[in-house]
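The block underneath contains the structure these notes are about, expressed in structure tokens.
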Amino acid sequence: MSLPSTNHPRVATSGSHIASNDDARSSVLGEYWELTKPRLSMLSVITAVVGYLAADPNKNLLALASVLIGTSFAAGAAGALNQYLEREVDKRMARTRNRPLPAGVISPERALLFGMTLAFLGTLILWFGANPLSAALVLVTLFSYLLVYTPLKQITSWNTIIGAVPGALPPLVGWAAARDSLGALGWVLFGILFCWQIPHFMAIAWTYRKDYADGGFVMATKTDPSGRSAGYQSIAFAALLVAISVVPCFYGYNNWLPYGIVAVITGGWYLWLSIRFTFAEKKEKPARKLFFASISYLPLVLAVFVVDRLFLI
Ligand code: HEM
Ligand SMILES: CC(C)=CCC/C(C)=C/CC/C(C)=C/COP(=O)(O)OP(=O)(O)O
């Protein structure tokens with residue numbers, strides 16, 4: 001199926017370096033897929049599954065499937081409803097003006113209905129397939145992302161720290177689905193996710209600083225155009241990330257080998273790239289390196305975390 005004709009033809013832009021997948025977008029289905037922010041959502045779902053696997057002593061397959069499907073729907077809902085709320089400002093930024101809503105290929109009403117349906121189904125699946133606590137946590141994630149973080153992006157540069165809360169909640173959704181409670185190791189995963197997001201986003205904020213200014217967003221790179229504040233925040237949270245990531249080894253939840261060692265080496269590398277980003281005269285290249293390191297760090301460390309942990313329980 002080809003795209004419906006529109007009054008808002010797509011504009012060729014320099015856009016995201018890795019976000020567009022033109023093949024996937026050559027159909028209406030592809031446009032709805034793009035509305036779910038698929039790559040970000042998939043990584044969030046992985047963190048929820050990791051939270052589940054870290055907690056589940058007896059591998060309840062129904063609960064595991066509910067985490068996988070329920071958080072996929074909820075994460076897709078987060079992406080679609082965020083794009084619904086930001087459909088006007090997204091027109092002002094090169095990175096986002098090709099998205100389905102600003103490009104005019106999906107109507108706002110349909111995006112809203114799509115997002116609400118996914119949110120409803122995701123919550124329902126977690127409620128009945130796992131438990132009400134995991135469903136409640138996914139709702140907290142959605143509300144804090146959509147009704148707190150999203151509007152705050154226009155008001156204060158604290159938005160990033162606040163946005164890191166919903167970004168870090170999915171492992172707790174997984175943990176709650178397995179145990180019907182919130183355990184210490186679940187909170188450690190929350191801490192890892194929380195700290196990881198700050199260098200991840202500061203690198204992006206620098207790369208797209210002009211875009212964000214055009215969109216009217218108040219990011220750290222706007223309040224301090226030198227980039228030093230973004231850099232110092234990256235260093236502080238990358239250092240905290242290294243510390244938090246090894247806490248499970250001190251309490252016997254994980255082994256030093258392989259998990260602890262891998263966490264220290266990759267976290268140290270993330271910290272080093274944050275330092276280089278902070279003190280570089282020209283930050284473009286160090287910022288892109290830090291961003292790519294961020295999206296490599298998480299799958300790698302979480303994979304080793306799970307394998308290491310499954311051998312212990
Ligand atoms: C404060 C929190 C966060 C902010 C503000 C943020 C923002 C962004 C932005 C703007 C991009 C696009 C970069 C580009 O176009 O080059 C991006 C990419 C990405 N983010 Fe984040 N992010 C955050 C948290 C997260 C979380 C929690 C995850 C998943 C666990 C995640 C996973 C990804 C992935 C996989 C990409 C690359 C794929 C893509 O561009 O679609 N991010 N992030
Ligand atoms: C299970 C579940 C509900 C998972 C979803 C987790 C979640 C809400 C992740 C979002 C993290 C985040 C703050 C991304 C930035 O969005 P942005 O609006 O700044 O990005 P943009 O500028 O590209 O739109």
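Just so you know, ligand 1 is whichever comes first in the structure, and atom 1 is the first atom listed for that ligand. Only this structure's heavy atoms are used, side chains among them; waters, hydrogens and symmetry mates stay out. Start at 1 with the first residue, then count along the sequence.
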* **Nitrogen or oxygen atoms of Q197 and ligand 2 under 3.5 Å apart** =>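 No.
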* **Polar atom proximity, R99 to ligand 2 (N or O, under 3.5 Å)** =>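 Min N/O separation from ligand 2 is below 3.5 Å for R99.
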* **Donor + acceptor pair across side chains of D56, Y52 (<3.5 Å)** => yes
* Going by the atom numbers of ligand 2, which of them fall below 4.0 Å from some non-hydrogen atom of E86? ->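 The list of qualifying atoms is 18 (O), 24 (O).
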I'd like to know whether ligand 2 has [X] as a neighbour, heavy-atom separation below 4.0 Å.
X	answer
K37	yes
T141	yes
Q83	no

* **R309 charged N/C atom sitting above F305 aromatic ring, 6.0 Å / 45°** =>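 Verdict for F305: no cation-pi partner in R309.
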* Is the NZ or CZ atom of K283 both under 6.0 Å from the centre of the six-membered ring of F277 and within 45° of that ring's axis? -> yes
Pull out every atom of ligand 1 sitting under 4.0 Å from any heavy atom of [X], numbered as shown with elements.
X	answer
Y149	5 (C)
R288	16 (O)
I295	34 (C), 35 (C), 36 (C)

* If only atom types and distance count, is the side chain of W196 paired as donor or acceptor with the main-chain N or O of S294 below 3.5 Å? ->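 Here the side-chain-to-backbone pair exists.
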* For the pair S41 (side chain) and T36 (backbone), establish whether a donor and an acceptor sit closer than 3.5 Å, ignoring hydrogens and angles. =>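 Side chain of S41 to backbone of T36, a donor-acceptor pair under 3.5 Å: yes, one is there.
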* Asked: Can D214 and R92 be counted as an ion pair, charged N to O under 4.0 angstrom?
  -> no
My understanding is that we take every heavy atom of each candidate and find the minimum distance to [atom]. Doing that for [options], which one comes out nearest?
atom	options	answer
atom 26 (C) of ligand 1	F201, F291, W196	W196
atom 11 (C) of ligand 1	I161, I204, V165	I204
atom 19 (C) of ligand 1	M202, H200, R39, Q197	H200

* Can you tell which part of F292 has a heavy atom less than 4.0 Å from ligand 1: side chain, backbone, both or neither? -> neither
* N/O to N/O below 3.5 Å, does that happen between Y212 and ligand 1? -> no
* To do: Check R95, R99, K153 against D90 for a salt bridge (charged side-chain N to carboxylate O under 4.0 Å, His left out) and give me the one that passes.
  => R99
